[in-house]
2 protein chains.
Amino acid sequence: MLKLTKKADYGLMALKYLAERPETAALSAKDIADAYGIPAQLLAKILQQLTRKGLLKSHAGMNGGYALAKSAGSISAYEVILAIDGPFFITSCTKGANGCELTPSCTIKEPLARVNETIAGVLKSISIQDLAEHEHQPGHAPEPKLVTLTI
Amino acid sequence: MLKLTKKADYGLMALKYLAERPETAALSAKDIADAYGIPAQLLAKILQQLTRKGLLKSHAGMNGGYALAKSAGSISAYEVILAIDGPFFITSCTKGANGCELTPSCTIKEPLARVNETIAGVLKSISIQDLAEHEHQPGHAPEPKLVTLTI
DNA sequence: TCAGTATACGACCAATTATGTCCGTGTTCA
DNA sequence: TGAACACGGACATAATTGGTCGTATACTGA
């Protein structure tokens with residue numbers, strides 16, 4: 001239904017939380033989970049995934065936890081969603097590079113692939129920093145971004 | 001995982017199929033389902049939904065079937081998806097107009113709502129006719145469309 | 001060195017959603 | 001009247017998601 005999974009949501013929230021606290025060396029999964037009231041064990045697994053993908057650094061032991069592996073500005077929402085939910089395609093026929101094994105007729109796929117690219121582009125253009133910086137007064141200059149869609 | 005349901009896919013395929021055959025008065029669900037190799041009863045239900053939403057006209061009885069209620073150019077992919085899958089939001093916290101009952105902290109929601117609008121805009125800008133016309137030689141002039149995203 | 005705190009990871013279960021089928025009813029036309 | 005169709009509810013099945021549990025491992029500081 002074209003929506004993010006809760007896992008992806010949680011992941012974005014956690015990264016945003018980390019981005020807002022650059023001074024702290026590391027935050028444990030439990031700290032972040034408590035701050036948002038989400039299941040700690042679930043969040044831990046998500047953060048582990050992000051660590052494996054290189055978006056976070058982890059540190060075990062006391063005062064350990066997770067920290068951003070890169071600057072908040074260089075992590076895109078796209079990367080996060082990709083790391084957590086795997087590659088997404090708007091069309092459901094996505095076996096291999098040349099999908100639709102059964103129906104040779106899925107002629108709708110190609111135009112929608114363009115849409116897919118556009119959406120991916122939008123998500124790539126949003127960084128964790130963008131999310132973290134959003135706590136501003138309404139008058140703050142927004143940054144318009146342009147996305148082109150070619151059918 | 002940010003993808004369309006098969007139902008939405010089927011719906012778009014069926015509308016495209018109808019749009020490509022403006023001469024025929026009506027096509028039965030079975031005809032269309034056979035053309036694409038998809039379950040006829042399932043497609044029938046989808047077409048019924050589209051009929052209720054006013055995107056199709058139906059005609060019972062022999063030689064009955066479905067036909068576009070409007071011109072292919074005036075039906076957007078957005079309308080179709082909306083009719084089939086209901087309102088979609090990229091964020092999972094979508095209770096009422098002011099979501100996130102449990103977590104007063106879902107600060108990520110608002111920026112993503114802009115993304116949501118952008119995606120909706122992209123889908124609104126694509127008509128069934130765009131899908132149907134796509135069967136062209138590669139040299140055919142594409143129509144670039146611009147979408148603005150403001151974080 | 002040892003206790004405490006934390007990540008790492010696989011297995012598992014529960015809940016939800018997506019997908020598809022069945023069956024009965026009503027409508028239209030030849 | 002009967003065949004071909006739409007309409008719609010109930011149901012069944014499959015897939016995905018969301019969440020838990022248990023255990024192993026790693027690091028820290030006293």
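Chain A is the first sequence line, chain B the second, and so forth, proteins listed ahead of strands; every chain is numbered from 1.
You'll find that the side chain of B:Thr51 is closest to D:dC7, out of D:dG19, C:dT19, D:dC7. Side-chain proximity of B:Gln41 to C:dA8, D:dT20, C:dT21: nearest is C:dT21. The listed nucleotides are D:dG19, C:dT19, D:dA10; the one nearest the side chain of B:Lys45 is D:dA10.
For the OP1/OP2 pair of C:dC9 and a distance below 4.0 Å, the side-chain nitrogens and oxygens of A:Arg52 include at least one atom meeting the criterion. Between A:His59 and C:dT5 there is no side-chain N or O to OP1 or OP2 distance below 4.0 Å. At C:dA18, none of the side-chain N or O atoms of B:Tyr10 fall inside 4.0 Å of OP1 or OP2 (strictly under the cut-off).
Against DNA chain C, the stretch residues 21-34 of chain B makes no heavy-atom approach under 4.0 Å.
The interatomic distance linking A:Tyr66 (OH) with C:dA6 (C1') rounds to 8 Å, in whole Å. Taking atom CG of residue B:Leu47 and atom P of nucleotide D:dG8, one finds them 13 Å apart after rounding to whole Å. Between the CG atom of B:Leu50 and the P atom of D:dA6 there is a distance of 13 Å, given to the nearest Å. Rounded to an integer number of Å, the gap from CG of B:Leu42 to P of D:dG8 is 16 Å. For the pair B:Asp9 CG and C:dA18 P, the interatomic distance rounds to 13 Å; values are reported in whole Å. If you take NZ of B:Lys6 and P of C:dT21, they are 11 Å apart, rounded to a whole angstrom. The nearest whole Å value for the distance from the NZ atom in B:Lys7 to the P atom in C:dT17 is 12 Å.
Side-chain atoms of A:Gln49 and base atoms of C:dC9 include no donor and acceptor less than 3.5 Å apart.
Of all the heavy atoms in B:Leu18 and B:Tyr66, the pair that sits closest is CD2-O, 3.6 Å. Minimum interatomic distance between A:Pro111 and B:Leu131 (heavy atoms only, all atoms of both residues): CB-CD2, 3.5 Å. A pairwise comparison of heavy atoms in A:Val80 and A:Gly11 identifies CG1-C, 4.3 Å as the closest pair. For the pair A:Ala19 and A:Ile128, the tightest heavy-atom approach, listed with the atom from each and the gap, is CB-CG2, 3.7 Å.
Residue B:Lys70 qualifies as enclosed at atom NZ: its count of foreign heavy atoms under 6.0 Å is above 12.
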query = Under the side-chain contact (heavy atoms from CB on, under 4.5 Å) criterion, do B:Leu112 and A:Leu12 qualify, and how do the steps go?
reply = CA-CA 10 Å; B:Leu112 287 185; A:Leu12 287 170; 4.0 Å; yes

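In this structure, the separation between NZ on B:Lys7 and CD1 on B:Ile84 is 9.0 Å, given to the nearest 0.5 Å. A distance of 9.5 Å separates CD in A:Gln48 from CG in A:Leu43, rounded to the nearest 0.5 Å.
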Polar-atom pairs under 3.5 Å, protein N or O versus N or O of nucleotides 1-4 of chain D: list them with distances, or write none.
none

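Taking the side-chain hydrogen bond (donor to acceptor under 3.5 Å, both in side chains) definition, one finds that B:Ser28 meets it with B:Asp31, sequence neighbours left out.
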